[in-house]
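Notes follow the structure.
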Number of protein chains: 2
Amino acid sequence: MEKVSKETCKKRLKGIDDALYAIGGKWKLKIIIALIEGYTRFNEMQRTIGISAKMLSLELKELELNGFLTREVHPGPPVVVEYKVTEYSDSLQEVLQVLSNWGEKHREKIRQERSGK
Amino acid sequence: MEKVSKETCKKRLKGIDDALYAIGGKWKLKIIIALIEGYTRFNEMQRTIGISAKMLSLELKELELNGFLTREVHPGPPVVVEYKVTEYSDSLQEVLQVLSNWGEKHREKIRQERSGK
DNA sequence: CCGTATCCGACACGATACTG
DNA sequence: CAGTATCGTGTCGGATACGG
């Protein structure tokens with residue numbers, strides 16, 4: 001012990017790799033949060049997340065392809081487009097929770113360090 | 001209910017934002033894993049993670065500045081440089097575990113979908 | 001062994017304008 | 001409202017070479 005465990009290390013690295021491939025980047029997790037919290041419309045999400053239309057459009061397509069959400073077009077008029085999370089996105093709830101909590105605590109730590117100077 | 005809860009949404013978005021700022025990107029989590037698993041040397045980590053010397057050097061500096069690791073130089077000869085995780089990095093254990101597990105399951109899901117065609 | 005320096009391409013991302 | 005098109009910029013990150 002004390003020394004490197006190559007197997008578990010490789011396994012964890014691989015897992016992180018796969019996760020980042022699917023949900024890495026600046027926007028994907030945020031979009032999924034917005035969807036989970038109930039946002040369904042394009043412009044609504046754009047404002048909430050603070051993302052450009054271009055990026056949102058691109059990311060939504062990727063997320064749909066990967067099974068995280070569905071895109072429904074309700075013929076109008078007015079035509080309405082709704083984005084909804086799939087059940088599969090629920091598997092991310094724990095990830096979201098843990099990561100968001102950590103980020104919150106981390107921010108708090110940074111804040112204290114700066115005021116402590 | 002059913003409708004958007006703006007408060008919790010904003011809070012989660014902010015948390016994710018802070019987290020990604022500190023540990024986002026392609027390499028930081030992987031480096032921390034390698035350190036936690038016991039790797040301490042530069043070249044060792046480089047090979048294990050599959051990262052270029054340039055990026056590893058850059059990321060190590062950032063991680064040190066943010067309190068995730070320490071850099072120890074043991075005068076030689078031969079001179080030995082060791083990188084070690086700080087206690088604070090332990091706060092990431094849960095994040096790492098959850099994310100890595102999710103990634104593993106996700107990969108498995110993708111694999112099955114492809115073979116199922 | 002532990003890096004730094006330099007060059008370079010790819011692309012992530014933003015801003016803006018425009019369309020049905 | 002829900003996007004697409006275009007343009008421009010910065011950063012990411014690999015390859016290579018080099019130095020203590």
Side-chain angles (χ1 to χ4, degrees), chain A residues 3-4 13 16-35 38-66 68-85, chain B residues 3-4 13 16-35 38-66 68-85:
Chain A
K3 227 347 194 181
V4 176
L13 284 175
I16 294 290
D17 220 31
D18 294 324
L20 292 186
Y21 182 77
I23 55 172
K26 200 172 176 180
W27 301 115
K28 294 205 173 61
L29 285 181
K30 293 194 189 183
I31 292 170
I32 290 173
I33 286 182
L35 289 167
Y39 289 96
T40 61
R41 313 294 299 278
F42 191 92
N43 284 1
E44 209 179 31
M45 297 177 58
Q46 202 192 322
R47 281 188 306 272
T48 305
I49 300 175
I51 184 177
S52 67
K54 173 185 159 190
M55 289 310 296
L56 181 54
S57 174
L58 284 174
E59 301 280 327
L60 286 172
K61 277 174 194 162
E62 278 189 55
L63 289 172
E64 188 186 2
L65 273 176
N66 288 306
F68 292 107
L69 61 84
T70 58
R71 181 178 187 269
E72 298 171 14
V73 181
H74 306 282
V79 177
V80 169
V81 182
E82 283 191 306
Y83 294 92
K84 292 183 179 167
V85 282
Chain B
K3 223 355 192 176
V4 176
L13 285 174
I16 293 290
D17 220 31
D18 294 324
L20 292 187
Y21 182 77
I23 55 173
K26 201 173 174 180
W27 300 116
K28 294 206 173 59
L29 285 180
K30 292 194 189 182
I31 291 170
I32 290 174
I33 286 183
L35 290 167
Y39 290 96
T40 62
R41 314 296 300 278
F42 191 92
N43 283 2
E44 210 179 31
M45 296 177 58
Q46 202 191 322
R47 281 189 306 272
T48 304
I49 300 175
I51 185 178
S52 68
K54 174 187 161 190
M55 289 310 295
L56 182 54
S57 174
L58 285 174
E59 301 280 329
L60 285 173
K61 277 174 193 163
E62 277 188 56
L63 290 172
E64 188 186 3
L65 273 175
N66 287 307
F68 291 108
L69 60 84
T70 59
R71 181 178 188 271
E72 298 171 14
V73 181
H74 306 282
V79 177
V80 169
V81 183
E82 283 191 305
Y83 296 91
K84 292 182 181 169
V85 281

| task | Give a yes/no on whether any side-chain N or O of B:Lys54 is located under 4.0 angstrom from OP1 or OP2 of C:dC7. | result | no
| task | Work out which heavy atom in B:Gln46 is nearest to a heavy atom in B:Ser52; give both atom names and the distance. | result | NE2-C, 4.1 Å
| task | Between D:dA2, D:dG13, C:dG14, spot the one nearest the side chain of B:Lys26, thanks. | result | D:dG13
| task | Specify the separation, in whole Å, of atom CD of B:Gln46 and atom P of D:dG13. | result | 15 Å
| task | Quickly work out the A:Arg71 CZ to D:dC1 P distance and round it to whole Å. | result | 16 Å
| field | Interatomic distance, A:Glu59 CD vs C:dC13 C1' [rounded to whole Å] | value | 10 Å
| request: Starting from P on C:dG3, measure out to CD1 on B:Ile31 and report it in whole angstrom. | output: 12 Å
| task | Report the nucleotide, chosen from C:dC13, D:dC1, C:dC1, that has the shortest atom-to-atom distance to any side-chain atom of B:Asn43. | result | C:dC1
| Short side-chain N/O contact from B:Tyr83 to OP1 or OP2 of C:dG3, under 4.0 Å | yes
| Rounded to whole angstroms, how far apart are NE2 on B:His74 and P on C:dG3? | 12 Å
| query | Rounded to whole angstrom units, what separation is found between the OH atom of B:Tyr39 and the P atom of C:dC2? | reply | 14 Å
| message | Under 4.0 Å from OP1 or OP2 of C:dC2: is there any side-chain N or O of B:Arg41 that close? | response | yes
| task | Respond yes when some side-chain nitrogen or oxygen of B:Ser52 is under 4.0 Å from OP1 or OP2 of D:dG14, and no when none is. | result | yes
| Can you tell me how far CE of A:Met55 sits from CD1 of A:Ile49, rounded to the nearest 0.5 angstrom? | 11.5 Å
| query | In whole angstrom, what separates A:Leu58's CG from C:dC11's P? | reply | 13 Å
| When rounded to the nearest 0.5 angstrom, what distance separates NZ in A:Lys28 from CG in A:Leu60? | 10.5 Å
| message | Starting the side chain at C-beta, find the nucleotide from D:dA2, C:dC13, D:dT4 nearest to A:Met55. | response | C:dC13
| query | Could you give the CD1-to-P distance, from B:Ile49 to D:dG13, as a whole number of Å? | reply | 13 Å
| Are side-chain heavy atoms of B:Arg71 and B:Val81 found at a separation under 4.5 Å? | yes
| Minimum-distance pair of heavy atoms, taken over all atoms of B:Tyr39 and B:Thr48 | CE2-OG1, 3.4 Å
